[in-house]
Visitor: 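There's a structure below that I have some questions on.
Residue indices begin at 1 and follow the sequence shown.
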Amino acid sequence: MTARPISETVASLMPRAKAELAELVAFRSVADPAQFPRSECEAAAGWVADALRAEDFQDVALLDTPDGTQSVYGYLPGPAGAPTVLLYAHYDVQPPLDESAWISPPFELTERDGRWFGRGAADCKGGFIMHLLALRALKANGGVPVSVKVIAEGSEEQGTGGLEQYAEAHPELLAADTIVIGDTGNFRVGLPTVTATLRGMTMLRVQLDTLEGNLHSGQFGGAAPDALAAMIQLLASLRAEDGTTTVDGLTADAEWDGLQYPENEFRQDAKVLDGVELIGTGTVADRVWARPAVTVIGIDCPPVVGATPSLQASARAQISLRVPPGQDAAEATRLLTAHLESHAPWGARVTVEQVGQGQPFRADITSPAYTSMAEAMRLAYPGEEMQASGMGGSIPLCNTLAALYPQAEILLIGLSEPEAQIHAVNESVSPEELERLSVAEALFLRNYAESKKG
């Protein structure tokens with residue numbers, strides 16, 4: 001098999017892909033109405049639906065999911081008897097954080113240093129464009145040889161589980177022989193990679209209350225219990241001195257036995273400042289793919305500007321715990337909740353609220369679909385062999401799909417390689433990576449269809 005006609009077609013489509021990605025990035029589709037209007041997500045969903053209709057998808061629908069967001073579905077029938085492949089991406093994005101820290105506006109796709117910058121460019125609006133490019137290339141070179149279902153989720157970044165609940169209530173909708181999740185990434189640019197494991201996650205909000213109201217720190221400080229000081233002490237209990245996650249009862253010593261992540265490369269990818277140590281023990285791969293990791297992602301406390309000499313009566317924090325394969329996210333939630341309740345100092349009143357949860361996932365990379373993907377990636381990336389790595393992030397839908405369709409093979413690919421800086425300021429996508437992965441996906445669909453004819 002040659003990749004040339006497909007690769008030439010994808011190359012010719014890249015200017016259109018850039019223009020479409022710019023349109024999609026322009027929607028401020030953060031699925032949190034407390035931060036951005038719901039209308040931005042609705043407009044992005046409408047754009048995705050229109051794009052599917054333009055590619056002759058049938059049954060295109062905006063699915064109202066239980067968490068109040070919309071997922072977009074479409075079906076493209078293939079030849080009689082052809083297998084069905086589900087292509088997944090999500091159009092919702094992380095908040096832009098400090099917009100002033102972006103070199104270019106976060107919701108304006110900007111080309112710089114050979115990359116396209118914008119929130120969602122890689123995670124995961126670019127993933128939807130990747131699916132479109134692959135299908136268009138096949139259409140121009142003999143047709144799409146499989147039946148295709150596309151689902152574009154509207155709340156993946158919030159972890160609120162709307163699509164998982166919808167799929168469980170409508171199990172026939174997303175049924176497929178193979179599922180391609182376009183929301184992970186290569187180990188690094190130019191190295192074709194499938195993701196073998198994902199960590200799960202749990203998200204908790206914890207509030208500490210110690211006083212009926214704020215007090216003057218000079219008059220009462222030294223005896224009155226300060227809720228913010230209590231919160232600092234409580235959060236510190238979640239890590240050992242070397243930074244290892246220490247949640248009572250939660251195992252944190254698993255080892256990763258696959259592709260390794262050299263420490264010098266990790267330091268560069270993570271942009272760790274000179275002289276600052278990495279945290280935890282074991283190899284980097286152990287720490288980011290095989291072990292739990294707790295992160296305090298937000299604290300409600302007085303800002304420095306305008307601070308007054310007061311003892312705080314209440315404090316609140318949001319905590320994310322990444323849960324590795326082999327551990328249960330519900331049990332991790334129970335353990336983390338118990339840890340927070342038992343480690344609060346001075347008898348502070350503790351309230352814990354769960355705001356998100358997803359199970360870890362392990363793919364079977366020995367399955368036949370991976371053979372088809374390996375050949376496709378070999379052609380799309382000449383001179384390179386497909387690698388398998390872990391990924392520290394979470395895609396809760398994977399376990400729902402695996403449970404609903406136990407015979408389906410699930411492959412994870414995508415555009416979120418380290419340089420993409422997803423979830424951070426100045427997120428970007430490599431157009432070369434978008435092009436090559438689109439070629440790989442198109443060749444995979446062709447390979448997969450051929451493998452099923454026997």
Side-chain angles (χ1 to χ4, degrees), residues 21-48 65 67-71 89-110 115-128 152-163 183-185 199 201-206 270-271 293-301 303 305 316-322 353-358 391-397 414-416 418-429:
L21 184 57
E23 293 177 11
L24 195 49
V25 164
F27 297 110
R28 304 166 74 88
S29 52
V30 177
D32 181 0
Q35 300 183 67
F36 291 93
R38 175 187 169 95
S39 59
E40 289 290 312
C41 286
E42 293 173 338
W47 190 98
V48 170
T65 59
D67 63 355
T69 64
Q70 293 179 319
S71 291
H90 62 85
Y91 67 82
D92 71 303
V93 298
Q94 283 285 329
L97 305 175
D98 180 5
E99 295 197 30
S100 67
W102 286 70
I103 296 174
S104 51
F107 295 102
E108 181 180 313
L109 194 71
T110 304
R115 298 182 67 92
W116 299 345
F117 287 79
R119 176 58 91 219
D123 182 24
C124 179
K125 292 176 176 180
F128 178 73
E153 189 174 3
S155 58
E156 192 275 341
E157 297 291 9
Q158 295 300 314
T160 46
L163 181 55
D183 190 28
T184 59
R199 287 191 293 196
M201 56 80 69
T202 186
M203 194 90 70
L204 299 180
R205 288 179 186 155
V206 58
K271 296 179 172 55
V294 70
T295 305
V296 179
I297 62 173
I299 300 179
D300 287 338
C301 60
V305 176
R316 189 171 68 151
Q318 186 149 318
I319 300 167
S320 166
L321 176 65
R322 298 292 179 173
E353 174 191 4
Q354 183 177 344
V355 293
Q357 181 178 283
M391 184 173 176
S394 308
I395 306 176
L397 181 66
L415 300 164
S416 298
E419 292 181 46
Q421 293 192 187
I422 63 170
H423 294 204
V425 298
N426 299 312
E427 176 184 346
S428 67
V429 69

Visitor: Could you pull out all residues at least two apart from Q357 that satisfy side-chain contact (heavy atoms from CB on, under 4.5 Å)?
Guide: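 Listed in chain order: T202, A329, A330, T333, Q354.
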
Visitor: Sorted by first residue and then second, give each salt bridge (charged side-chain N to carboxylate O under 4.0 Å, His left out) pair with at least one member in residues 35-47; sequence neighbours left out.
Guide: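 Listed by first then second residue: R38-E42.
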
Visitor: What pair of heavy atoms forms the shortest contact from A89 to F128, and how long is it?
Guide: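 Minimum heavy-atom contact is CB-N, 3.7 Å.
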
Visitor: So which atom in I319 and which in V294 form the shortest heavy-atom distance, rounded to 0.1 Å?
Guide: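 Smallest interatomic distance, heavy atoms only, reads CG2-CG2, 3.4 Å.
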
Visitor: Which heavy atom of L397 sits nearest to which heavy atom of E153, and what is that distance?
Guide: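 Nearest heavy atoms, L397 then E153: CD2-OE1, 4.4 Å.
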
Visitor: Please identify each residue that fulfils side chain to side chain donor-acceptor pair (under 3.5 Å) with S320, with sequence neighbours left out.
Guide: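 Listed in chain order: nothing, the list is empty.
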
Visitor: Mind checking side-chain contact (heavy atoms from CB on, under 4.5 Å) for T69 and listing every partner two or more places apart, or none if nothing turns up?
Guide: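 Listed in chain order: A31, T65, D67, S155.
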
Visitor: For Q318, which residues count as a side chain to side chain donor-acceptor pair (under 3.5 Å) partner, sequence neighbours excluded?
Guide: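 Q318 satisfies side chain to side chain donor-acceptor pair (under 3.5 Å) with R205 only.
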
Visitor: Would you compute the distance between atom CG of D123 and atom CG of L415 and round it to the nearest 0.5 angstrom?
Guide: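 Atom-to-atom, D123:CG and L415:CG are 9.5 Å apart.
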
Visitor: Could I get the full list of salt bridge (Lys or Arg N to Asp or Glu O under 4.0 Å) partners for D32, not counting sequence neighbours?
Guide: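 Partners of D32 under the salt bridge (Lys or Arg N to Asp or Glu O under 4.0 Å) test: none.
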
Visitor: Please enumerate all residues that pass side-chain contact (heavy atoms from CB on, under 4.5 Å) together with T184, with sequence neighbours excluded.
Guide: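 T184 satisfies side-chain contact (heavy atoms from CB on, under 4.5 Å) with T195, L198, M391, I395, L412 once adjacent residues are dropped.
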
Visitor: Determine, step by step, whether V48 and L24 satisfy the side-chain contact (heavy atoms from CB on, under 4.5 Å) criterion, reporting the C-alpha distance in whole Å, the side-chain angles of both residues, the deciding distance to 0.1 Å, and the verdict.
Guide: CA-CA 8 Å; V48 170; L24 195 49; 4.2 Å; yes

Visitor: Run C41 and Y91 through side-chain contact (heavy atoms from CB on, under 4.5 Å) and show every step you take.
Guide: CA-CA 8 Å; C41 286; Y91 67 82; 4.3 Å; yes

Visitor: What are the two closest heavy atoms between A122 and S428, and how far apart are they?
Guide: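 The answer is CB-O, 3.5 Å.
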
Visitor: Using the side chain to side chain donor-acceptor pair (under 3.5 Å) criterion, which residues pair with S71? Sequence neighbours excluded.
Guide: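 Listed in chain order: nothing, the list is empty.
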
Visitor: Sort and list the pairs that fulfil salt bridge (charged side-chain N to carboxylate O under 4.0 Å, His left out) and have at least one residue in residues 91-101, not counting sequence neighbours.
Guide: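 Matches after skipping sequence neighbours: R28-E99.
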
Visitor: Could I get the full list of side-chain contact (heavy atoms from CB on, under 4.5 Å) partners for P105, not counting sequence neighbours?
Guide: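 So P105 forms a side-chain contact (heavy atoms from CB on, under 4.5 Å) with E108.
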
Visitor: Does E427 have any salt bridge (Lys or Arg N to Asp or Glu O under 4.0 Å) partners at least two apart in sequence or in another chain, and if so, which?
Guide: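 Applying salt bridge (Lys or Arg N to Asp or Glu O under 4.0 Å) to E427 gives R119.
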
Visitor: For R322, give me all partners under side chain to side chain donor-acceptor pair (under 3.5 Å), at least two apart in sequence or on another chain.
Guide: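 Counting only residues at least two positions away or on another chain, R322 forms a side chain to side chain donor-acceptor pair (under 3.5 Å) with S394.
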
